[in-house]
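Since the structure comes first, as structure tokens, the remarks are kept for the end.
Sequence lines set the chain letters: A, B, ... in the order given, protein chains first and strands last, and positions in each chain run from 1.
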Amino acid sequence: MAKYPHAEIEKKWQDRWAHDGLMRCDLSRTDRKFYCLMMFPYPSGELHVGHGRNYIIGDSLARFKKMAGYEVLAPMGWDAFGLPAENAAIQRDIHPAQWTRDNIARMKQQFHHWGVVYDWDREVTSCEPDYYKWTQWLFIQLFKAGLAYRKAASVNWCPKDKTVLANEQVVDGACERCGTPIEERHLEQWFFKITAFADELLSDLGTLADWPERVVTMQRNWIDRSDGVEIDFEVKGTGRRVTCFTTRPDTLFGATFMVLSPFHPEVERLIAGSRREDEFRAAIARYQADRLSGKARIEPGKDGVFLDAYAVNPVSGESIPIYMAPYVLMEYGTGAIMAVPAHDERDFEFATRYELPVREVVRFGATPGVLPTSSYSGDGVLVNSGAFDGLGQHEAFAKIADDLERRGLGRRRVNYRLRDWLISRQRYWGAPIPMIHCPKCGVVAVPEADLPVLLPHDVDFRPRGDGKSPLATSDAFRAVTCPQCGGAAVRDTDTMDTFVDSSWYFLRYLSPKDSTAPFQKDLCDAWLPVDQYIGGVEHAILHLLYARFITHFLHSQGHLGFGEPFARLFTQGMIQKNGIKMSKSRGNVVPPDSIIGPMGADTMRLYILFLAPPERDSEWNDESVEGCYRFLNRVWRFYEARESVLAKPAGGPIDERALTAPERALFRKAHWAIDRVLGDVNDHFRFNTAISALMELMNVMAPFGDEDVQSGSAQRPELLRFAFDTLVRLLAPMTPHICEELWERTGHRGSVFASAMPAANPDYVKSEQFDLVIQVNSKIRARESVPADTDSEAMKAIALRHPRVIEELAGRDPKRVVVIQNKLVNVVI
RNA sequence: GCCGGAGUGGUGAAACUGGUAGACGCAGGGGACUCAAAAUCCCCCGGAGCCAAAACUCCGUGUCGGUUCGAGUCCGACCUCCGGCACCA
């Protein structure tokens, strides 16, 4: 039998949607708004079916919401700056701008062929001056607020990409992108002070009830707040002090030694001119080498050196030896710790190795003993702690902290694992940092009226490897007059991390062409937070944290009326082939055209949605795709075989009581399908079960009307039409082309997406009969078909007079009879 | 190590608040149509017991226990896989 003409149908509707602006959004309709946002892609070229999932889920959801009466905002744009464009451009000897533009055109074409429709009037492209002008504006706002600062920092340097990487972009000591082991360099870099927002970013996670739990957890662990106390220890005989951070001031009396990071400044002071200086320096060099190799966990008990020096416990006056050891990190706290081996695992390991005293200061239960875990269990009582003996741990924390603060020897402090965000990059293809270095005035922001600072086109953009940006080679770009004093000055030649570009794009969609402001507060306040954000879980930390930070910042400055940008988040799973992620380098990608060509975009969409719950990683199976194609053909043939009935309007309401039993079953199945599909999609993105419900409806519909139509005696045309219309409308968001065509052919005016979703009548959602399960002692012994909503007494009676039950009872009385409405009766003997 | 998530047929997966395990597909087997094939349509399809069929019975949701009339679902312990963090004081 002939296949339905998908190619022709799909082209027709794709062109019509584009022409009619199907997803054009009217921003003035805010009473029922739905902002449906998909993470904008990096324009890397061809998209494969794995990428497609994100956009197909989003497009289907947007269409559902449209049919549910929402004014849907579904925009799309391009995260267009970044390294791959440069690398590809270097390889192919074309300009990154050209390469990027070509890819955008290609990907737009692909969306079009998939039937994925956006409001293209709102397209944003982060590498265009009309966009990055405002990324630069954002930088200046952060600068003015004291949240963008320069610091000479030891930074992660990728020798292959020849650029600095953020901590977040270093994975296992290697570059996230190319896998090259990173090196350490000391360079002046720009940072955004995200740590200033650490606390609100952490506590507001609690308001994100509609985010996946695991994403919230990942962010919480990433920020990781710890409350503690900084304590000053005197370095004996020097008059100098070393400050330690601890979350356990209650164990202060148990500190039997101190450990400095080998990179702590005090180490240099202690070893300079010392008798064992050479030995110390050799050790430091070794630790340095280990640190750069990155990977291995450093065993606290493995390595450390006594520095021939002592510190004085500020409370007990006790002298304790000072060690340096690589298990203490310079990057966290103060780079120095007071070691309490009795109550900290790592300190315990170290003390064991170097035979240092272990003194119990918190007792759990009655028996003395050490408990070397860093967890703060809270029910211990202090011992060996002078005046603080007998206090509970929590109380001791407070008392000791108070005591230290009063005497000026310490202060309460909160530390985060989160570090400030290093945003400068020594690369060409990014937004230039809008700053000027003046010999007289120092670092000065470019006046906002002078934005954008244009990225010069004719620069040798290959990376240089000397720690400077390619922009530094352009004298024309660098030379500038200082906006403050008018003297000669130079521009900053670094560009911004692309995560800055993507940290605010969702605001720009509302006024993408506005040349006077990055976004409009009133529009943003009306349309945000985003109602549904959809993207890959790989952005769980970086992008989502940065976007939250920037939104919180803009909120704090009064530019926005809200702090959290994304009310609901959905992270879709990866599509794999042969058990691994689809990627070009692994050669296991499925090109969309290999499906669309023979079977059409609707089949591809249907398969991707039917495959599995969308949040789950799933395996692509070529054979299963055909099952979806078969289903669409069945729908098509159902129409064709009944065209004479379906093609013309069949009016009249359906009188349920006048229907025959099988007709009533179909009528109810349609109502059931409405209920299922809308519930599955709205509540949990369960497109897979929604589709299976529609397949069930089709299975019930299939026998209806065929022969009757042939013989010209079709019964109940209104029922046939009701069932078919229902199927078409429920299926339309997922397979839009075939459904638009069928909607038109069945005599409807206007797009199916301009029509309303059908509503289920609760009276008809359940089938008339159900299988009453009769159990004896919880084992199924019989089933009987009975009318829905048979009351408990009647159900019980049916069960008790069933021959099987009578047989099992053998004259005895049941001990108990459990009745579950519309389900089962369990006779317990 | 810590924090999440997941383990169900040959396979992708269903199973709403504890109540018929395996819906809906795919693959496979059988049949109809056909000269034949494709396509389509119909039937079967977790395992075991029975020569076979029907009926029936038992077992079965990673493992072992528990709660309950009843557990894939709840509780406890464990195993495996995936993801995140990993010297954070």
Let me know the distance between [atom1] of [X] and [atom2] of [N], rounded to the nearest Å.
| X | N | atom1 | atom2 | result |
| --- | --- | --- | --- | --- |
| A:Asp617 | B:C81 | CG | C1' | 12 Å |
| A:Asn699 | B:C43 | CG | P | 10 Å |
| A:Met698 | B:C41 | CE | C1' | 13 Å |
| A:Ile820 | B:A71 | CD1 | P | 14 Å |
| A:Phe638 | B:C41 | CZ | P | 13 Å |
| A:Leu611 | B:C26 | CG | P | 14 Å |
| A:Met218 | B:C85 | CE | C1' | 9 Å |
| A:Leu824 | B:C69 | CG | P | 15 Å |

Hey, does the side chain of [X] come within less than 4.0 Å of [N]'s phosphate (OP1/OP2), counting only N and O?
| X | N | answer |
| --- | --- | --- |
| A:Arg783 | B:U20 | no |
| A:Arg804 | B:U57 | yes |
| A:Arg637 | B:A39 | no |
| A:Asn633 | B:A39 | no |
| A:Arg630 | B:C26 | yes |
| A:Arg686 | B:A15 | yes |
| A:Arg616 | B:A14 | yes |
| A:Ser226 | B:A89 | yes |

- Side chain A:His264, main chain A:Glu266, donor-acceptor under 3.5 Å: yes
- Taking N and O atoms by type only, does the side chain of A:Asn826 place a donor or acceptor under 3.5 Å from a partner on the base of B:C69? yes
Across the strands shown, which category fits [X] at heavy-atom distances under 4.0 angstrom: base, sugar-phosphate, nothing?
| X | value |
| --- | --- |
| A:Arg781 | sugar-phosphate |
| A:Arg220 | nothing |
| A:Lys779 | sugar-phosphate |
| A:Phe610 | base |
| A:Glu626 | nothing |
| A:Val328 | base |

Determine the interatomic distance between [atom1] on [N] and the same-named atom on [M]; round to the nearest Å.
| N | M | atom1 | result |
| --- | --- | --- | --- |
| B:G12 | B:G7 | C1' | 15 Å |
| B:C43 | B:A52 | P | 24 Å |
| B:G25 | B:C79 | P | 41 Å |
| B:U73 | B:U68 | C1' | 13 Å |
| B:C74 | B:G19 | C1' | 14 Å |
| B:G46 | B:A27 | C1' | 15 Å |
| B:G76 | B:U20 | P | 24 Å |

- Task: Given salt bridge (charged side-chain N to carboxylate O under 4.0 Å, His left out), test A:Asp303 with A:Arg286 step by step and report yes or no.
- Result: CA-CA 10 Å; A:Asp303 208 354; A:Arg286 202 166 64 238; 3.3 Å; yes
- Query: What orientation do A:Phe350 and A:Tyr323 show, parallel under 30°, tilted 30 to 60°, or perpendicular over 60°?
  - Reply: perpendicular
- Query: Taking the six-membered ring for Trp, are A:Tyr4 and A:His6 parallel (under 30°), tilted (30 to 60°) or perpendicular (over 60°)?
  - Reply: perpendicular
- Message: Can you tell me how far apart CD (A:Gln769) and CZ (A:Arg668) are? Round to the nearest 0.5 Å.
- Response: 9.5 Å
Under 3.5 Å on both distances, the Watson-Crick or G-U partner of [N]:
| N | value |
| --- | --- |
| B:U61 | none |
| B:U80 | B:A6 |
| B:G1 | B:C85 |
| B:G28 | B:C44 |
| B:U73 | none |
| B:G49 | B:C56 |

- State plainly whether the residues A:Arg419 and A:Glu331 are in salt-bridge range, i.e. N to O under 4.0 Å. no
